Structures are given as structure tokens and as C-alpha cells.
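Some notes on the structure that comes next.
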Amino acid sequence: MGEQVQETQLTIRGEESRETKSPGHRNDASKPEAALSSARSYKWWLRIAVFSLFVLSGQSVATILGRLYYEKGGKSKWMETLVQIVGFPILIPYLFFSPSKSSSATKAALDGRMDARLLVLVYIIFGIILAGCAMLFSVGLQYLPVSTFSLISASQLGFTALLAFFINSQKFTPLTINSLVLLTISSTLLVFQSDANGTTASTGKYAVGFTCTLVASAGCGLILNLTQLYFRKVQRTDPIYTIFELLTYESVVATFIILVGLFASGEWKELKEEMEEFSLGKVSYVMTLVWTAITWQVFAIGMGGLIFQVSSVFSNVIAIVGLPIVPVLAVVFFDDKMDGVKAVAMVLAVWGFLSFVYQQHLDDVASKAQDRNNESG
């Protein structure tokens with residue numbers, strides 16, 4: 001009898017061990033474990049590819065449309081700020097029709113460390129930071145050539161990685177440090193430009209644009225890390241629901257703040273005249289704003305997905321991949337000048353990105369080797 005009890009306990013432990021190694025998946029004895037792992041890896045990489053495409057396409061198109069707004073007669077910084085946030089209603093249908101909307105899923109969303117009041121506070125804080133970053137980016141985009149704006153924004157990766165060390169315990173390696181140094185230098189080089197090629201801004205406004213873009217990049221680094229921390233604290237069975245929910249609620253707060261600013265500043269009175277004077281016509285004015293709002297939401301979904309699947313730093317790395325895209329488009333559409341300083345800054349930024357990607361590759365190889373050792377042991 002004792003032998004049967006012992007045999008039953010060993011069987012149960014064996015089943016628990018298999019379930020631990022394969023969370024969220026049924027153990028099918030007819031399929032090799034490697035095949036199951038390969039299938040999961042394929043799905044994971046597919047999600048990463050889709051989210052990366054959202055980031056690259058959304059960022060590039062939204063930045064170009066934002067510059068187009070200013071180039072063709074747009075003047076309202078508050079309106080340009082608003083369209084970076086106000087596209088969130090396209091996310092709402094998913095929140096209503098998703099299975100995760102059920103009360104049981106809502107209760108399972110909290111892991112015991114965050115209650116409803118704390119979540120509301122999180123949404124308010126995120127919304128305030130989001131509104132501030134959007135406003136600063138609008139000023140930067142108005143006063144800087146779009147290529148310069150994009151290159152300065154590359155410093156966001158450095159801020160993200162630095163803050164990740166304190167907020168999310170991000171580890172630094174020589175390659176990571178090399179990446180941060182190169183990206184910092186690539187952005188600092190732009191301070192020494194002799195003029196603000198591509199804009200009619202004065203030297204003072206150019207300096208304001210540079211400072212605002214740099215501060216906004218730091219703010220984005222902060223909110224990306226806080227978002228990663230949020231995803232660690234709040235979990236749902238449907239990760240897309242988690243991403244959409246956060247984007248929606250923080251955008252509601254940010255939109256309210258920006259609308260207050262729009263009406264308090266009096267710029268809303270000038271919007272009708274601005275639309276009539278827009279050189280491409282009224283329809284183009286409206287479509288420029290609408291598509292800017294949509295593409296910024298596409299970018300936000302991609303960033304949220306990459307943060308959820310990997311990390312805040314990785315999401316920013318993918319955003320930096322699009323660094324050469326915007327300046328090239330700016331040269332094509334706005335006759336932006338690509339001088340020597342910008343070219344060197346771009347090369348350093350790409351070099352920094354490649355250093356970080358190589359470190360990610362080394363980490364992945366080391367992780368797989370450790371898994372093999374654990375399995376053999």
C-alpha cells in the first residue's frame with residue numbers, strides 16, 4: 001500500500017513539473033517538447049514582428065504628417081498635441097467586445113498589490129506625463145527640421161535604459177553602455193549645428209525646440225518604464241486587452257488636459273481660419289489631422305505590445321530602427337538638408353542600435369544554453 005501511495009505522489013509531481021515547464025499549454029504526449037517550444041516561439045516572434053511593424057510605420061507616417069501640418073499652414077501647438085492622443089476611441093470597440101471584459105477576468109486582473117483606487121491614480125499620472133510629452137514634442141516638431149527632430153528623439157533610448165536600471169532592474173553590459181554613449185553623442189552633436197536648416201525658426205526657437213524634444217524624450221523614457229512596471233503588476237488572460245485598456249484610460253486623462261489647454265490658450269478660436277488658410281485645402285487639413293491621430297495610435301499599440309512581450313528598452317530599440325526612415329522621407333517630401341553633422345549623428349545612432357541588438361542576441365543565446373543545462377541536469 002505504501003509503495004502505491006509513493007508511486008502516485010511521484011506521478012503527480014511529474015505532472016506538476018511538466019505543467020510548470022509549459023505554462024498555459026496542455027501537455028500533449030504525442031508531440032515532442034521541442035515542437036511545442038518551436039510553435040510557441042513562432043507565435044511569439046510573429047507578435048513581435050506585427051508590433052514592430054506598427055511602431056515603425058506609425059512613427060514614420062505620424063511624424064511626417066505632423067511636419068506637413070506645420071509646413072502647409074498649421075500653427076496650433078495644442079492641436080498638434082491633441083492629435084497625438086485623441087485617436088484612442090478606435091481602441092474602445094475591442095474593450096467592449098473582448099472576452100476579458102467579463103467580471104471574472106476583471107477580478108483576475110489584479111494580483112493583490114493594486115486595487116481600483118491605485119489603478120485610477122496610475123491612469124491619472126500616466127495621462128499627465130503623456131500630455132506633457134506630447135506638448136513638448138509638438139514644440140520641437142514646430143521649431144526643428146524633421147530630420148533633426150528625429151535624431152534628437154533617438155536620445156529616448158538612452159533615457160529609457162538609464163531609468164530601466166532603477167525602475168525595472170535593467171542590467172548593464174559593456175555593449176549596452178556603448179549603445180547608450182553612442183546614442184547620447186549622436187544627439188549632442190546636433191547642438192553644434194550652425195543653423196536650423198529646413199525651418200524658418202530663429203536661433204532662440206531652435207534652442208527651445210531642441211530642449212523641448214530632449215525633455216520629451218526623457219519623459220517618454222519614464223512612461224515606457226512605468227508602463228512595463230504596470231504590466232508586471234496587472235495581468236489579464238488577454239494581453240491585447242491589457243494594452244488597449246491602459247492606452248484608453250491614460251489617453252482620456254491626457255485628452256482632457258490638452259483640451260483645457262486648447263481652450264484656455266484661445267487657440268481654438270483660430271482653428272477655423274487656420275483650416276481655411278491651409279494651403280492644401282480644407283479636406284486635406286482635416287484628413288491630415290485624422291490620419292495623424294490614427295497613426296499615433298498605431299504607434300502606441302506597437303510600443304505597448306513590445307513592452308508587454310519584452311521590455312521598455314526593447315520597444316525603444318525598435319523605435320530607433322525607424323530613425324533613418326524619417327530623415328530620408330523628410331529629404332524627399334520637404335527638401336530637408338542632410339548635412340555632415342546629421343549624417344554622422346545618424347551613423348552613431350545606428351551603431352548604438354546595433355550594439356544593443358547584439359547584446360540582446362548574446363542574452364538570448366546564454367538563456368537558451370542555461371535552459372539546456374537545466375533540462376540535462
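Numbers here are sequence positions counted from 1. Here the structure is a predicted model, which means the values were calculated and not measured.
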Inter-residue atom distance Gln309.CD - Ile243.CD1, 0.5 Å rounding = 7.0 Å
task = Would you mind reporting whether Phe314 and Ile307 have side-chain heavy atoms less than 4.5 Å apart?
result = no
request  = With the side chain counted from C-beta on, respond yes when Val55 and Ser315 share a heavy-atom pair under 4.5 Å apart, and no when they do not.
outcome  = no
ask   = If two hydrophobic side chains count as joined below 4.5 Å and joins carry through other members, does Ile240 share a cluster with Phe231?
value = yes
query = Is there a donor-acceptor pair under 3.5 Å between the side chain of Ser60 and the backbone N or O of Ser57?
reply = no
key: Between CG on residue Leu163 and CD1 on residue Ile223, distance to nearest 0.5 Å   = 12.0 Å
request  = Please round to the nearest 0.5 Å and tell me the distance separating atom CG of Leu229 and atom CG of Asn168.
outcome  = 5.5 Å
message = Between Leu68 and Leu280, is there a side-chain heavy-atom distance shorter than 4.5 Å?
response = yes
Validation row: Tyr94, Tyr241 side chains within 4.5 angstrom (heavy atoms) = yes
request  = Taking all non-hydrogen atoms of both residues into account, name the closest pair between Ala254 and Gly127 and its distance.
outcome  = CB-O, 3.4 Å
message = Donor-acceptor pair, distance only, cut-off 3.5 Å: does the side chain of Gln156 make one with the backbone of Ala218?
response = no
query = Does Glu274 reach the main-chain N or O of Lys75 with its side chain, forming a donor-acceptor pair under 3.5 Å?
reply = yes
message = Side chains of Tyr143 and Tyr70 only: does a donor on one sit below 3.5 Å from an acceptor on the other?
response = no
ask   = Is there a donor-acceptor contact under 3.5 Å from the side chain of Ser265 to the main chain of Leu262?
value = yes
task = Please confirm whether the backbone N or O of Gly221 pairs with a side-chain atom of Asn316, one donor and one acceptor, at under 3.5 Å?
result = no
Any Leu246 side-chain heavy atom under 4.5 Å of Tyr123 side chain = yes
message = If you apply the rule side chain to side chain contact (heavy atoms under 4.5 Å, CB included), what do you find for Thr81 with Leu136, and how did you get there?
response = CA-CA 8 Å; Thr81 302; Leu136 291 171; over 6 Å; no
query = In the single-linkage hydrophobic clustering (I, L, V, M, F, W, Y; side-chain heavy atoms under 4.5 Å), do Trp296 and Ile90 co-cluster?
reply = yes
task = Indicate whether any N or O donor in one side chain lies under 3.5 Å from an N or O acceptor in the other, for Gln142 and Tyr69.
result = no
message = For a side chain to side chain contact (heavy atoms under 4.5 Å, CB included) check, start with the C-alpha distance between Phe149 and Phe137, then their side-chain angles and the critical distance, and finish with the verdict.
response = CA-CA 9 Å; Phe149 171 84; Phe137 272 134; 3.6 Å; yes
query = Run the side chain to side chain donor-acceptor pair (under 3.5 Å) check on Gln228 and Ser312 step by step: do they pass?
reply = CA-CA 6 Å; Gln228 182 179 344; Ser312 58; 2.9 Å; yes
message = Using a 3.5 Å distance criterion without hydrogens, assess whether the side chain of Ser355 forms a donor-acceptor pair with backbone atoms of Trp351.
response = yes
task = Please report the C-alpha distance between Phe263 and Ile258 in whole Å, then the side-chain angles of each, then the deciding distance to 0.1 Å, and finally whether the side chain to side chain contact (heavy atoms under 4.5 Å, CB included) criterion is met.
result = CA-CA 9 Å; Phe263 284 96; Ile258 296 168; over 6 Å; no
message = Starting from Val61, can I reach Val50 by hopping between I/L/V/M/F/W/Y residues whose side chains sit under 4.5 Å apart?
response = yes
CZ-CD distance between Phe299 and Gln84, expressed to the nearest 0.5 angstrom = 10.0 Å
query = How far apart are the C-alpha atoms of Tyr230 and Leu119, what are their side-chain angles, what is the distance that settles it, and do they pass the side chain to side chain contact (heavy atoms under 4.5 Å, CB included) test?
reply = CA-CA 9 Å; Tyr230 170 87; Leu119 283 175; 3.7 Å; yes
Polar side chain donor-acceptor pair, Glu276 to Tyr285, under 3.5 angstrom = no
ask   = Are Met79 and Glu267 close enough that some pair of their side-chain heavy atoms sits under 4.5 Å apart?
value = no
message = How long is the straight-line distance from OG1 of Thr288 back to CZ of Arg67, given to the nearest 0.5 Å?
response = 13.5 Å
request  = Decide yes or no for Ile152 and Phe210: does some side-chain heavy atom of the first lie under 4.5 Å from some side-chain heavy atom of the second?
outcome  = yes
ask   = How far apart are the closest heavy atoms of Gln297 and Ile85, and which atoms are they?
value = NE2-O, 3.2 Å
ask   = Between Glu80 and Ser138, does any side-chain donor sit less than 3.5 Å from a side-chain acceptor?
value = no
inquiry  = Is there a path of hydrophobic side-chain contacts, each under 4.5 Å between heavy atoms, that joins Leu56 and Leu53?
reply    = no
inquiry  = Testing the basics here: between Trp291 and Thr295, what is the closest heavy-atom pair and its distance to 0.1 Å?
reply    = O-OG1, 2.7 Å
message = Using modelled atom types and a 3.5 Å cut-off, is there a donor and acceptor pairing between side-chain atoms of Thr213 and backbone atoms of Ser153?
response = no
message = Could you measure the distance from the CZ atom of Phe244 to the CG atom of Leu247? Nearest 0.5 Å is fine.
response = 7.5 Å
query = Are side-chain heavy atoms of Phe126 and Val253 found at a separation under 4.5 Å?
reply = no
